[in-house]
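Index from 1, following the sequence. The analysis underlying the following values was restricted to heavy atoms, covering all of them including side chains, and did not include hydrogens, waters or symmetry mates.
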Amino acid sequence: MYSKTLQDLGLSHVFLHKPYDFRAKTQGPRVKDHLDQALKEEKIFPQKIYSAYQVHSNKIQLVDEKAQGKDFFYGEIFLSCDGLVTPLKNRALLIKVADCCPILLYDPLHGVLANLHAGWKGTLGKISLEALDLMASHYGTRPQDLVAYIGPSIGFKDFEIMEDLKTQWDQTLPLAKDLIQKKDANHFLLDLKETNRRLLLEAGLAPGKIEVSPLSTYSDPRLHSYRRDKKAFGLNALVAMMT
């Protein structure tokens with residue numbers, strides 16, 4: 001699964017799903033075998049792979065020549081962050097999701113790439129805007145330079161929330177108030193993908209440069225989903241690399 005827009009720009013990337021599983025807690029060293037096999041099939045051959053120990057934050061790790069993560073099964077991992085930004089070519093950034101939004105931000109003009117994990121907490125924390133700020137301050141990226149991809153994640157009709165989260169959404173993200181629909185007396189439906197799209201639009205990205213996958217991790221049996229599979233959930237992965 002790919003973004004056609006980013007594919008046309010020559011960015012190496014792929015959204016990986018079943019039969020692969022990237023949940024290290026249950027798969028252990030097998031996650032490396034899964035990743036090696038998947039990237040071989042996709043003809044993506046990075047010099048190194050960087051990932052994040054994701055904590056549902058809006059923290060971004062800059063991956064440059066100075067950055068050093070901890071050794072992991074398939075490369076280096078950075079702790080307590082939910083986004084990676086790099087100017088390095090032939091280094092892959094990997095983000096794992098099981099319902100949250102994986103978001104790629106690519107600046108082909110300045111040669112900078114971001115891979116982000118935006119669940120409801122990261123979305124409330126505007127993680128995509130944090131990444132844009134970092135790309136701007138370090139490499140001169142402007143919103144009009146960016147092309148974005150919001151990958152497969154939980155769909156509007158599948159993402160059920162309670163009133164407490166609705167209240168947080170209304171108070172923190174006024175731009176998304178119309179993206180919550182009442183389901184019954186105690187439950188609401190939230191459009192997580194569209195909320196992230198609107199955050200990017202508000203930041204100045206052109207509508208035609210934001211691609212959103214129509215696939216829902218919850219309703220598509222090919223994809224791992226935390227809400228659907230409960231304790232037995234696995235993890236999808238979005239991998240991207242500049243060449």
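- To the nearest 0.5 Å, the span separating NE2 on His117 from OG1 on Thr123 amounts to 9.0 Å.
- Taken from CG in Leu175 to CD in Glu202, the straight-line distance is 5.0 Å, to the nearest 0.5 Å.
- Between Arg222 and Lys18, the closest side-chain pair of non-hydrogen atoms is not below 4.5 Å.
- By the 6.0 Å contact criterion, CZ on Phe73 is enclosed, its count of non-hydrogen atoms from other residues, nucleotides or ligands being greater than 12.
- Residues Ile49 and Tyr53 share a single hydrophobic cluster, defined by chaining ILVMFWY side chains whose heavy atoms lie under 4.5 Å apart.
- Side chains of Gln168 and Trp120 form a contact here, defined as non-hydrogen atoms less than 4.5 Å apart.
- The CG atom of Asp145 sits 9.5 Å away from the CG atom of Leu205 when rounded to the nearest 0.5 Å.
- The shortest distance between side-chain heavy atoms of Leu109 and Arg142 falls below 4.5 Å.
- In this structure, the side chains of Gln181 and Lys157 come closer than 4.5 Å at one or more pairs of heavy atoms.
- In plain terms, the two heavy atoms of Gln144 and Lys209 that are nearest each other are O-NZ, 2.9 Å.
- Within the 4.5 Å cutoff, the side chain of His224 has heavy atoms near those of the Asp21 side chain.
- The aromatic rings of Phe22 and Tyr20 are tilted relative to each other, their planes meeting at an angle between 30° and 60°.
- Linking Ile, Leu, Val, Met, Phe, Trp and Tyr residues whenever their side-chain heavy atoms come within less than 4.5 Å leaves Leu6 and Val14 in two separate clusters.
- Residues Lys126 and Glu130 fail the side-chain proximity criterion, which asks for heavy atoms closer than 4.5 Å.
- Each of Asp220, Asp99, Thr217 was compared with Ser225 under the side-chain hydrogen bond (donor to acceptor under 3.5 Å, both in side chains) criterion, and only Asp99 meets it.
- Distance check, rounded to the nearest 0.5 Å: CD of Glu160 to CE of Met162 gives 8.0 Å.
- Under the 4.5 Å side-chain contact rule for hydrophobic residues, Trp169 and Ile127 do not share a cluster.
- With contacts defined as side-chain heavy-atom distances shorter than 4.5 Å, the pair Asp184/Asn186 qualifies.
- The two residues Leu62 and Leu134 come nearest to each other via the heavy atoms CD1-CD2, 3.8 Å.
- Atom NZ of Lys48 sits in a sparse spot, with 12 or fewer heavy atoms from other residues, nucleotides or ligands closer than 6.0 Å.
- Contact record, Val97 with Pro152: CG2-O, 4.5 Å, taken as the closest heavy-atom pair.
- Met242 and Leu88 are members of different hydrophobic clusters when ILVMFWY side chains are connected at heavy-atom separations under 4.5 Å.
- Here Asp8 pairs with Lys4 in a salt bridge; the nearest charged N to carboxylate O distance falls below 4.0 Å.
- You'll find the side chain of Cys100 stays beyond 4.5 Å of the side chain of Tyr226, heavy atoms only.
- Side-chain N or O atoms of Thr243 include none that pairs as donor or acceptor with a backbone N or O of Met241 at under 3.5 Å.
- Atom CD in Gln54 sits 8.0 Å away from atom CG in Leu235 (nearest 0.5 Å).
- Note that the CG atom of Leu124 and the NE2 atom of His56 stand 12.5 Å from one another [nearest 0.5 Å].
- Annotation for Glu163: atom CD does not count as buried by contact number, only 12 or fewer foreign heavy atoms lying within 6.0 Å.
- In this structure, Arg23 is positioned above the aromatic face of Phe233, its NZ or CZ under 6.0 Å from the six-membered ring centre and within 45° of the axis.
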